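Atom set for the values below is all heavy atoms of this structure, side chains included, hydrogens, waters and symmetry mates excluded. Starting from 1, each residue takes its place in the sequence as its number. Here the structure is a predicted model, which is why all the values come from computation and not from measurement.
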Amino acid sequence: MCTIIHGIPVVADPTLSQKKTNIIVSEVIKSWIWEGRQLGKIELICDGKWVHVCSYEKPSIQFFPNK
């Protein structure tokens with residue numbers, strides 16, 4: 001199920017608590033902002049003792065004159 005946290009769509013494993021999900025999402029957002037990239041979506045997947053974080057960048061669209 002997809003939820004919006006800090007304006008970012010997040011798909012989180014149901015075994016993760018809302019508090020833990022918010023902490024992870026906040027850390028990912030901080031690192032992306034520091035790198036100057038725009039975060040588009042986050043997926044959190046639990047695998048035993050580990051949480052796999054898949055983060056996706058927003059597509060960048062640019063227009064150039066065709067002369």
Residue pair I42 / V11, side-chain heavy-atom distance below 4.5 Å: no

Rounding to 0.5 Å, atoms CD1 (I5) and OG1 (T21) come to a distance of 6.0 Å

The salt bridge (charged side-chain N to carboxylate O under 4.0 Å, His left out) partners of K30 (sequence neighbours excluded) come to E27

List the atom of Y56, the atom of W32, and the distance in Å for their closest heavy-atom pair. C-CH2, 3.7 Å

Are V53 and V25 connected in a single hydrophobic cluster, I mean Ile/Leu/Val/Met/Phe/Trp/Tyr linked by side-chain heavy atoms less than 4.5 Å apart? yes

If you take all heavy atoms of P9 and G40, which pair is closest and at what distance? CD-O, 3.2 Å

For S55 and L39: C-alpha separation, side-chain torsions, deciding distance, then whether side-chain contact (heavy atoms from CB on, under 4.5 Å) applies. CA-CA 7 Å; S55 50; L39 188 57; 3.8 Å; yes

For I24 and L44, what are the C-alpha separation, side-chain angles and deciding distance, and is it a side-chain contact (heavy atoms from CB on, under 4.5 Å)? CA-CA 9 Å; I24 293 170; L44 305 174; 3.6 Å; yes

Partner residues of K41 under the salt bridge (charged side-chain N to carboxylate O under 4.0 Å, His left out) criterion, sequence neighbours left out: E43

C2 side, atom SG; I8 side, atom CD1 - distance, nearest 0.5 Å: 10.5 Å

Give me each pair satisfying salt bridge (Lys or Arg N to Asp or Glu O under 4.0 Å) with a member in residues 52-61, each pair once, sequence neighbours excluded. R37-E57

If you look at every heavy atom in C46 and V51, which pair is closest and at what distance? SG-CG2, 4.1 Å

